[in-house]
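What follows is a short report on a single structure.
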Amino acid sequence: MIVCRCENVSLANIEEAIDKGYTDLESLKRYLRIGMGPCQGRYCLVLTAKILARKTGKKFEELFMPMNRPPLTPIEFKFFMNKSFTKR
Amino acid sequence: MTLKTKLLIIGAGIIGVMTAKFLVDKGFNDIVIVEKKYPGSGGTYRCATGIRASFTSLEHVELMKRSINLWPILSKQHNIPYKRGGYIWLLSRPEHVELFKKIVDFHHKHDIPTKIISPEEIREIVPTIRTDNLLAGVYDPLAGKASCFLSLLNILEYIKKKGVKVIINTPVYKLVTRNHKVVGAMTSKGVIEAEKILVAAGHGSKKILDTIGLDLPLENIPKHALITEAYKPLFDPLLIDWQTSSYIVQVLHGGFLIGANIEEKPNTPPTNRIDYLFLAANIWTKYFPWLPYVRVLRYWTGYYVMTPDHHPVIGPVEEYENLYVATGFSGHGFMMSPAVGEAMANYILGQKQNIPYIENLSPERFTKGKLVKEIAVFG
Amino acid sequence: MGYKETGVLSIDDLKEKGLLPSMERLEKGPIAIAECPEEIPCNICANVCPFNAIEMEKIYDLPRVNPDKCIGCGVCVPQCPGLAMFVIDLSKPGKALITLPYEFLPEPKKGLKVKLLSREGKVVGEGVIVKAWQYDKTWTVTVEVPRDKWFEVRAIWIPEK
Amino acid sequence: MSGNYRIIKHPIIDFRRGRRVIFYYEDKAIEAYEGESILAALYAVGYRVFSYSSDGKRPRGAFCMIGKCSSCLSIVDDVPNTRICIEPVREGVRVYKQRGIAEVPRKTNYTPAETVEINTDALIIGGGPAGLQASLVLADLGLDVVLVDDHFRLGGQLIKQTHRFFGDKKFYGGIRGYNIAEKLSKLVKEKKNIHVYTRAYAYGLFRNNIVGVAVRGDKPVNLLVKPKIIIGSTGACEKTIFFENNDLPGIMGAGGAQTLMNEYGVRPGDRALIIGSGNVGLIVSYQLLQAGVKVVGIAEILPHIGGWFVHAAKVRRLGIPFYMRHTITKAIGSNRVEKAEISMVNDKFEPIPGSEKVFDVDLVLLAVGLQPNYAFYSQAGAVLKYVPELGGLAPIRTKYMETSVENLYIAGDASGIEEATTAFIEGEIAALSAAIKLGVDKESIRKRRDELLDYLWNEYRLSPVVSRARAGKLKVTVSEEEMEKIRRGEYDGI
């Protein structure tokens with residue numbers, strides 16, 4: 001049962017990590033790299049927070065405060081190479 | 001909540017956690033770590049993961065030599081991904097080559113095996129790199145990189161097992177002192193009484209120390225970094241373009257992490273700047289012809305906690321009994337953390353230090369006018 | 001089990017919601033039945049009816065077909081987004097005419113024999129298309145079916161040749 | 001790999017295919033048509049595995065079909081990590097399957113994207129129902145609008161809908177989704193003061209109020225937009241669930257299948273099982289039948305149908321069975337779905353052993369709900385709230401649709417999952433509010449806005465079938481005074 005496709009993290013991986021004591025989402029995320037791949041956590045972070053909420057009995061809201069960073073989708077470096085700006 | 005502990009560590013970053021680890025190893029485990037957000041949320045998780053001893057001051061060199069000895073041991077003990085892949089400074093101007101010749105001489109005197117290498121040699125170590133504009137490089141084979149995530153998390157898991165309490169999402173509002181002696185800290189969840197306190201709170205350190213009138217000359221300088229999608233390992237060393245003081249490193253997970261120097265006012269909010277992306281692209285696409293087709297995955301900002309001499313502030317505080325600080329790493333906290341953790345453990349236990357010159361990094365050096373000189377601060 | 005479990009409306013469900021015309025009216029001639037038991041915020045049928053025979057006040061009211069105004073023209077059939085409008089005509093002895101929407105291939109043609117599908121999608125017999133017209137890709141098909149199947153049949157299936 | 005999955009004749013849609021082109025997949029010549037994505041073209045001739053997981057072991061198939069899930073990363077003309085579901089086919093392009101983490105690109109000849117700075121009154125992010133409506137309203141008021149959408153065609157989810165929309169004629173009720181998209185796109189393109197950019201991804205808000213927009217294509221452009229106001233209408237993405245082999249090729253989001261069959265005219269499979277009986281699951285089932293796919297059943301974990309009855313009746317009378325209190329427990333197959341197993345669940349939604357049913361299918365569609373695309377608002381610093389009734393995290397806003405980041409408005413599914421009618425209305429309310437903020441302060445604008453608000457809250461949303469969404473929207477809508485407090489960090493009532 002795959003939770004994070006990009007980093008190939010399964011439900012079993014997550015449950016095992018929670019049992020080990022990774023009970024805050026930010027640590028869990030870095031421990032397993034959930035949501036750190038190219039899809040930017042779009043599908044998996046909410047799911048992971050739900051698993052965490054279920055296993056720890058905490059509220060989803062306490063566990064998950066999204067922190068999105070740019071670029072919101074992976075962008076090639078070729079977009080940042082032209083220094084001469086045109087105004088339109 | 002009222003909690004009592006022998007040692008309170010403020011900040012669950014790599015410095016606080018390493019300190020706890022060395023204490024635990026010596027049988028001292030009555031420790032509470034209090035963290036404003038989550039472990040690593042300050043500088044640790046934002047760092048470039050590089051590790052080197054090739055500095056230009058005795059203090060840094062000795063501290064880092066100890067760290068470099070400790071990293072492989074820690075890596076084994078705690079299953080931390082770590083690789084000695086080296087550093088290369090890329091030099092494009094004759095005066096820089098001259099400067100580095102002197103630096104290399106200094107390194108050799110202190111058993112750091114750096115060497116000047118030719119563009120051809122650079123190309124051997126770094127496949128696909130363009131060296132058209134380069135005159136030479138300086139290679140530090142002892143340098144390396146480690147996973148900043150697993151360094152912190154695996155050690156944290158270890159110290160928790162050994163009885164250390166870690167309280168997250170709990171900012172410290174102020175230190176509590178009595179007769180020039182610290183007795184605890186006021187947090188968002190109440191007072192934590194402590195016999196000793198270590199402030200290892202990164203960019204939050206200054207604010208916390210201000211609450212007892214301890215005015216350390218720390219400045220938080222916004223810094224910018226990005227990472228690309230992951231690729232198969234291409235080159236091991238961290239590369240520094242000396243001209244622009246920008247670096248690139250392929251982290252152990254495969255992404256290319258780039259930091260570049262862009263002017264910022266101290267103590268301003270570290271917000272995202274579009275020009276940073278252009279700067280990073282323009283520096284490194286000149287070296288790597290495939291980089292235009294690589295995708296930027298994430299761009300983040302953080303702080304370098306700078307001191308006037310760009311050296312850390314570590315040691316006991318003279319004015320307050322039982323208060324210790326470990327901060328102001330000026331961008332090098334992660335690489336130094338094993339040696340600093342060990343040294344802080346020694347201070348806290350009242351044991352002898354084994355790192356030469358470490359006393360020179362004490363907080364009192366600023367008031368006593370004994371600043372350390374360092375010229376090689378990158379990125 | 002109710003229609004929210006099965007996807008199938010019973011005659012009692014429709015009666016209860018007040019959506020079923022009287023037998024007397026059905027036997028008089030064609031009339032539209034809105035098989036729309038939930039209060040969906042939608043008023044398309046009422047809007048398109050040329051005779052203003054479908055009454056709604058609020059957008060989420062159930063569509064009430066006025067038996068005196070509705071002539072069973074079928075204009076509403078292809079335009080209902082839920083494909084929930086049907087026209088039933090029980091005025092002819094021995095048979096029933098059902099007008100229903102159809103959005104599949106092959107295309108329906110007058111005179112074509114078709115399979116009759118129940119509300120559960122079961123083949124319950126054969127019928128003949130007596131009329132078929134298209135509005136914006138949706139066919140409105142009138143099929144002649146055995147009289148006793150007037151409530152049961154709600155779809156057709158045209159076998160490929 | 002063989003077969004032809006292109007839909008030649010469809011009861012509703014006329015597929016107008018572009019010029020025939022030949023490209024190469026794993027060195028084999030593939031016939032395709034301009035306007036198709038590489039993935040759609042490959043799917044049409046029978047390919048199902050497009051990539052492998054990062055460790056190179058697990059096959060990955062098409063999933064989202066809109067460039068978000070990264071299950072189709074491939075090497076296109078020597079560039080790895082290319083999402084082929086949104087990469088258009090081109091004559092002669094060479095495509096290879098990516099097996100896990102790739103080597104750095106071999107391609108080295110490049111043209112940097114042009115960088116263009118634009119000042120504008122309003123930036124609209126997302127050209128679905130809400131964004132299109134907002135753009136038209138602002139343009140009619142004489143404001144300068146930049147409209148960006150990451151797809152190469154405007155319309156958002158409208159372009160994949162073959163059914164007529166519910167609602168009121170005033171808000172395009174009774175028109176088929178793709179026809180609404182065509183109609184509004186045409187209107188938008190006619191406006192001189194709406195500058196449309198497609199294949200354009202708004203990748204972040206930066207210091208000095210600059211929004212970076214990467215415009216892909218033959219002439220790539222990095223637009224640095226400096227808008228006075230922003231309306232985010234970034235839509236939603238699908239949720240996924242856990243079951244054994246839930247990443248096997250052939251398991252797809254319902255929206256992914258809609259993209260394949262209704263946009264590209266490619267049949268997504270031969271036999272399908274649908275998971276979820278919400279409107280999306282019901283509608284996609286009907287659309288599959290129209291596309292010639294056999295639907296073996298719809299599994300629903302709850303004891304009742306999730307969507308509207310009329311949608312359920314439409315598929316039920318065509319013979320699709322419902323399996324209530326059932327969920328998928330396993331997908332079976334080596335490289336792609338060959339069978340799928342569902343099980344009955346108990347009151348705790350746990351599968352009951354012994355209740356398994358196995359179907360021979362090559363397609364499993366997940367229609368288990370949508371979640372708002374919140375990334376842009378979160379990155380911009382807007383305060384969000386988790387509201388299950390809205391599908392997940394949604395920004396707090398005033399009834400005028402302004403978020404806690406001043407001058408950042410929101411509309412449509414991004415503001416919390418609802419449907420097209422409310423997206424149009426929210427888009428218009430956001431646009432009118434933004435116009436007022438920009439100083440276009442006519443009595444008629446305020447009057448129109450009041451009418452819309454009244455209709456939305458006091459009539460439309462009072463329908464019992466949308467009561468859950470209404471309750472959700474109430475939870476994220478605050479008064480202007482409360483919003484001021486939230487901005488100052490003083491309000492913790494949220």
Side-chain angles (χ1 to χ4, degrees), chain A residues 4-9 13-14 16-42 44-45 48-49 52 56 58-59 61-87, chain B residues 12 35 37-41 44-46 147-154 156-161 166 168-169 224-230 251 253-256 258 271-286 288-301:
Chain A
C4 168
R5 288 171 166 242
C6 301
E7 299 286 338
N8 214 31
V9 183
N13 296 147
I14 293 175
E16 200 182 310
I18 295 171
D19 290 341
K20 262 186 171 176
Y22 292 90
T23 51
D24 71 295
L25 189 67
E26 296 293 341
S27 298
L28 197 55
K29 177 174 147 187
R30 269 121 184 141
Y31 184 62
L32 296 171
R33 303 195 61 85
I34 308 159
M36 302 191 81
C39 97
Q40 320 273 36
R42 205 181 289 277
C44 55
L45 280 182
T48 308
L52 199 54
T56 59
K58 284 185 199 160
K59 275 192 183 163
E61 295 84 334
E62 291 169 38
L63 293 166
F64 188 41
M65 267 300 123
M67 171 64 215
N68 288 78
R69 295 199 158 107
L72 301 170
T73 193
I75 304 285
E76 300 89 321
F77 270 107
K78 71 173 181 186
F79 281 95
F80 303 108
M81 292 169 66
N82 182 322
K83 270 185 162 172
S84 60
F85 293 2
T86 323
K87 289 218 178 209
Chain B
E35 163 59 48
K37 287 162 89 179
Y38 54 89
S41 56
T44 306
Y45 285 166
R46 296 166 205 256
S147 160
C148 61
F149 300 147
L150 294 180
S151 299
L152 185 77
L153 291 169
N154 291 0
L156 198 66
E157 197 183 319
Y158 165 76
I159 61 171
K160 276 175 160 176
K161 253 186 218 148
V166 182
I168 63 170
N169 295 321
H224 305 255
L226 64 82
I227 195 159
T228 69
E229 291 182 345
V251 301
H253 181 259
F256 293 94
I258 297 177
T271 52
N272 300 306
R273 290 172 60 163
I274 193 89
D275 48 348
Y276 170 70
L277 294 169
F278 283 87
L279 179 71
N282 279 298
I283 294 169
W284 292 102
T285 51
K286 287 194 183 80
F288 295 107
W290 40 263
L291 198 58
Y293 291 102
V294 164
R295 289 171 173 79
V296 181
L297 181 61
R298 252 192 310 282
Y299 158 31
W300 67 93
T301 55

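What you see is a predicted model; the values in this text were computed from it and never measured.
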Atom group of B/Thr228 that falls short of 4.5 Å from chain A, counting heavy atoms: side chain

Which portion of B/Leu297 sits near chain A, non-hydrogen atoms under 4.5 angstrom: both

Sidechain N-carboxylate O distance under 4.0 Å for A/Lys20, A/Glu16: no

A/Glu62 versus chain B, the contacting section by heavy-atom distance below 4.5 Å: neither

B/Arg273 and B/His224: CA distance, side-chain angles, deciding distance, side chain to side chain donor-acceptor pair (under 3.5 Å) verdict: CA-CA 8 Å; B/Arg273 290 172 60 163; B/His224 305 255; 4.8 Å; no

OG-CZ distance between B/Ser147 and A/Arg33, expressed to the nearest 0.5 angstrom: 7.5 Å

Contact class of B/Leu226 relative to chain A, heavy atoms under 4.5 angstrom: side chain

A/Phe79 portion near chain B, given a 4.5 angstrom heavy-atom threshold: backbone

Heavy-atom proximity to chain A below 4.5 Å, by part of B/Ile168: side chain

Mutual orientation of the aromatic rings belonging to B/Phe288 and B/Trp284 [parallel < 30°, tilted 30-60°, perpendicular > 60°]: parallel

Verdict with supporting geometry, B/Phe149 and A/Tyr31, ring pair (Phe, Tyr, Trp, His ring centres under 6.0 Å): CA-CA 7 Å; B/Phe149 300 147; A/Tyr31 184 62; over 10 Å; no

Residue from A/Leu63, A/Thr23, A/Leu52 passing side-chain contact (heavy atoms from CB on, under 4.5 Å) with A/Leu28: A/Leu52

Per-residue contact mode, B/Asp275 against chain A (heavy atom under 4.5 angstrom): neither

Flag, side chain of A/Gln40 to backbone of A/Pro71, donor-acceptor distance under 3.5 Å: yes

Segment of B/Ile283 engaging chain A (4.5 angstrom heavy-atom cut-off): neither

Interface residue of largest heavy-atom contact number with chain A, from B/Lys37, B/Glu157, B/Glu229, under 4.5 Å: B/Glu157

